[in-house]
**Student:** 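Below is the structure I would like to discuss, written out as structure tokens.
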Amino acid sequence: MRWVAVLAVASAVALCGSHVLNTDGQGELWAVLVAGSATWMNYRHQADVCHAYQILHQHGVPDDHIIVMMEDDIANSRENPTPGVVINRPDGPNVYEGVPKDYTGMDVTPENFLKVLSGDAAGLQGVGSGKVLKSGPNDRVFVNLVDHGAPGIFGFPRSFLHARNFSDAILAMHRNKQFKEMVIYLEACESGSMFQNLLPNDIDVYALSAANATQPSYACYMDEHLHTFLGDVFSIKWMEDTDREDITKESLEKQFHLVEKEVNVSQVMQWGNKTMAQEMASNFLGSKESELSDFGPFPPFNDPCLKTSIDSTNVSVAIIQGRMDAAQNETEASYWAQQMVQLQQNRTWVTETMYRVALSVTGSEDAATGMMSDRRHAVTRWLCYEESVEAFHRHCFNLGENPYALRVLQPAMNLCEHGYTGAEFASAAREVCTHASVSGIV
Ligand SMILES: *[C@@H]1O[C@H](CO)[C@@H](O)[C@H](O)[C@H]1NC(C)=O
Ligand SMILES: *[C@@H]1O[C@H](CO)[C@@H](O)[C@H](O)[C@H]1NC(C)=O
Ligand SMILES: *[C@@H]1O[C@H](CO)[C@@H](O)[C@H](O)[C@H]1NC(C)=O
Ligand SMILES: *[C@@H]1O[C@H](CO)[C@@H](O)[C@H](O)[C@H]1NC(C)=O
Ligand SMILES: *[C@@H]1O[C@H](CO)[C@@H](O)[C@H](O)[C@H]1NC(C)=O
Ligand SMILES: *[C@@H]1O[C@H](CO)[C@@H](O)[C@H](O)[C@H]1NC(C)=O
Ligand SMILES: *[C@@H]1O[C@H](CO)[C@@H](O)[C@H](O)[C@H]1NC(C)=O
């Protein structure tokens, strides 16, 4: 519990509030941290965001300048053997300690997130803590988002955020002079698609994505006692680097190159104004010296995160497999074996449903099969894709509650790129999906 002791000291020091200031002595630092998932299986997303909070806190950013959105169903989950404790690496410190609960549970929505960004205090009156960004033209803003994703989509526990809504919000923040500069770190599958062709390089925003626009992001630190993954590779890498470096002397660019090199499973990418990366990381993470620096670099041949890293699509499979391997007796083993079969059946059902929608739209088995397997397209017909994805979410599988459904959206994109319309997709989805609403397809 080393962290607890350090926290007590840190909060005493932070009282003077001077560390709200950036290192250049002008303007204040604000941060928005969002974990977009729920349930024990997705433990890692909230653990990452809690760790990000500790970093800001350690570096002197006061709570009234940090806005945290997370389901908050992990620390006191029935499955947590140590209530109130959330860790972000095996045997790591409790990163849950002191995390502000600004927006939790049903308040974790893309609508509320966008209101936080735009500083819409009236729109959030009576919701959660009601905290919103109150930053101005001299201030710097740091945004960290962690969750499941898909092309043009960042997940939320019961819904999702469209890439264009996000970029529209960023553009509006710039127009409304809500920041001098903003840095965004985004961890999700296909996270590059949230910025590609959407984030201009002349609005003083610099962003990193965990992966490019077409590849998954990776989870790591499978914990055999907690039966879940504790972190995501990109998040772990930038945060453990931050924990061991003096960030008043480490530029964002240096951090990017280190992280890019260490994250050897996906392609970490930079977006927006890359010249901004010459600034020190402390400009966006806080300039007070942190006492947390005993991580030490891991030797590359024995990196405990990379050694356990897996494609996040395979996380649920690996967790059930781990439960099967750890089973104490025949009854327990066969229960988890059944769960594995059910998980695969669930996935097949989702994929087949998308196929049936594609078949209904195209009217041809060959064309539908082609739409299912084509991996060449990126989104260019945004309106059609957004309409199609909304329809699949509404009529077939809630994308927040059934994260596996995010894995089968490529055919919807392909149909749009081949000139079918969003209205055609929506009408097919209505016709094909007559089942009662479900959740928990992972
Ligand atoms: C996203 O943008 C569309 C089109 O402007 C709008 O209808 C929708 O309400 C927005 N969604 C959110 C979450 O703001
Ligand atoms: C990018 O950021 C740098 C450093 O803040 C700034 O000098 C430059 O004008 C920016 N470039 C553009 C195109 O906005
Ligand atoms: C994204 O990464 C994949 C490898 O995972 C690669 O095949 C693809 O070319 C990359 N795309 C871009 C645009 O770099
Ligand atoms: C990534 O690095 C780890 C640790 O060095 C290594 O075990 C693993 O094979 C590497 N993976 C890839 C895809 O290169
Ligand atoms: C996911 O797991 C399956 C089965 O264990 C394996 O065949 C597949 O290669 C894995 N996929 C990735 C991308 O790791
Ligand atoms: C099997 O193991 C589980 C977990 O240890 C235990 O709860 C259960 O009672 C055991 N069942 C039998 C039939 O021994
Ligand atoms: C399969 O899907 C159902 C919803 O249809 C869900 O309740 C169940 O938990 C899922 N099973 C597994 C093992 O993922």
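Order of listing sets the numbers, starting from 1, for every ligand and every atom in it. The figures here come from the full heavy-atom set of this structure, side chains too, leaving out hydrogens, waters and symmetry mates. Counting begins at 1 with the first residue of the sequence.
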**Student:** Using a heavy-atom cut-off of under 4.0 Å, does the side chain or the backbone of Glu181 touch ligand 2, or both, or neither?
**Tutor:** side chain

**Student:** According to the interplanar angle, ranging from 0 to 90°, do the rings of Phe160 and His393 count as parallel (below 30°), tilted (30 to 60°) or perpendicular (above 60°)?
**Tutor:** perpendicular

**Student:** Between Arg356 and Glu352, is the closest basic N to carboxylate O distance under 4.0 Å?
**Tutor:** no

**Student:** Which protein non-hydrogen atom lies closest to atom 6 (C) of ligand 2, naming both residue and atom, and how far is it?
**Tutor:** Asn273 ND2, 4.2 Å

**Student:** How far is atom 7 (O) of ligand 7 from its nearest protein heavy atom, and which residue and atom name does that atom have?
**Tutor:** Ser439 O, 3.6 Å

**Student:** Closer than 4.0 Å to some heavy atom of Gln339 - which atoms of ligand 7 meet that?
**Tutor:** 13 (C)

**Student:** Heavy-atom contacts with Ile441 under 4.0 Å: which atoms of ligand 7 show up? List them by number with element.
**Tutor:** 2 (O)

**Student:** Minimum heavy-atom separation for Asn88 to Leu230, with atom names?
**Tutor:** ND2-O, 2.8 Å

**Student:** Return a yes/no value for Glu279: is any of its N or O atoms, backbone included, closer than 3.5 angstrom to an N or O of ligand 2?
**Tutor:** no

**Student:** For Gly440, counting its heavy atoms only, list the atoms of ligand 7 lying under 4.0 Å from any of them.
**Tutor:** 10 (C), 14 (O)

**Student:** Identify the protein heavy atom lying closest to atom 8 (C) of ligand 7, giving its residue, its atom name and the separation to 0.1 Å.
**Tutor:** Gln342 OE1, 3.5 Å

**Student:** If we count only non-hydrogen protein atoms and require a distance under 4.0 Å, does atom 11 (N) of ligand 6 qualify as touching the protein?
**Tutor:** yes

**Student:** For atom 13 (C) of ligand 6, which protein heavy atom lies nearest, and how many Å away is it?
**Tutor:** Thr331 OG1, 3.6 Å

**Student:** What protein heavy atom sits nearest atom 14 (O) of ligand 2, and how far away is it?
**Tutor:** Asp202 CA, 3.4 Å

**Student:** Which is it for Glu401 and Arg158 under the salt bridge (Lys or Arg N to Asp or Glu O under 4.0 Å) test, yes or no, and what are the steps along the way?
**Tutor:** CA-CA 5 Å; Glu401 294 173 5; Arg158 282 154 292 274; 5.5 Å; no

**Student:** List ligand 2 atoms under 4.0 Å from Asn201, heavy atoms only on the residue side.
**Tutor:** 12 (C), 13 (C), 14 (O)

**Student:** With under 30° as parallel and over 60° as perpendicular, where do the rings of Trp238 and Tyr185 fit, or are they tilted in between?
**Tutor:** perpendicular

**Student:** So which protein heavy atom does atom 9 (O) of ligand 6 come closest to, and at what separation?
**Tutor:** Asn329 ND2, 4.9 Å

**Student:** Between the side chains of Glu190 and Arg407, is the shortest nitrogen-to-carboxylate-oxygen separation below 4.0 Å, so that they form an ion pair?
**Tutor:** yes

**Student:** Taking the basic N atoms (NZ, or NE/NH1/NH2) and the acidic carboxylate oxygens, is any pair closer than 4.0 Å for Asp139 and Lys180?
**Tutor:** no

**Student:** Which of the numbered atoms in ligand 6 are under 4.0 angstrom from any heavy atom belonging to Glu332?
**Tutor:** 2 (O), 3 (C), 4 (C), 5 (O)

**Student:** If you have a sec, work out which protein heavy atom is nearest atom 4 (C) of ligand 2 and how many Å separate them, to one decimal?
**Tutor:** Thr275 CG2, 4.2 Å

**Student:** Heavy atoms only: which of Asn346, Val438, Asn402 is nearest to atom 3 (C) of ligand 7?
**Tutor:** Asn346

**Student:** Looking at Glu260 and Lys254, is there a salt bridge between them, counting it only when a charged N and a carboxylate O are closer than 4.0 Å?
**Tutor:** no

**Student:** Would Glu390 and His162 count as having a side-chain donor-acceptor pair, cut-off 3.5 Å?
**Tutor:** yes

**Student:** Do Asn138 and Glu28 get their side chains close enough for a donor-acceptor pair, meaning under 3.5 Å?
**Tutor:** no

**Student:** Starting from atom 5 (O) of ligand 6, find the nearest protein heavy-atom neighbour and note its residue, name and distance.
**Tutor:** Gln328 CG, 3.4 Å

**Student:** Any cation-pi pair here, Arg89 with Tyr221, using under 6.0 Å and within 45°?
**Tutor:** no

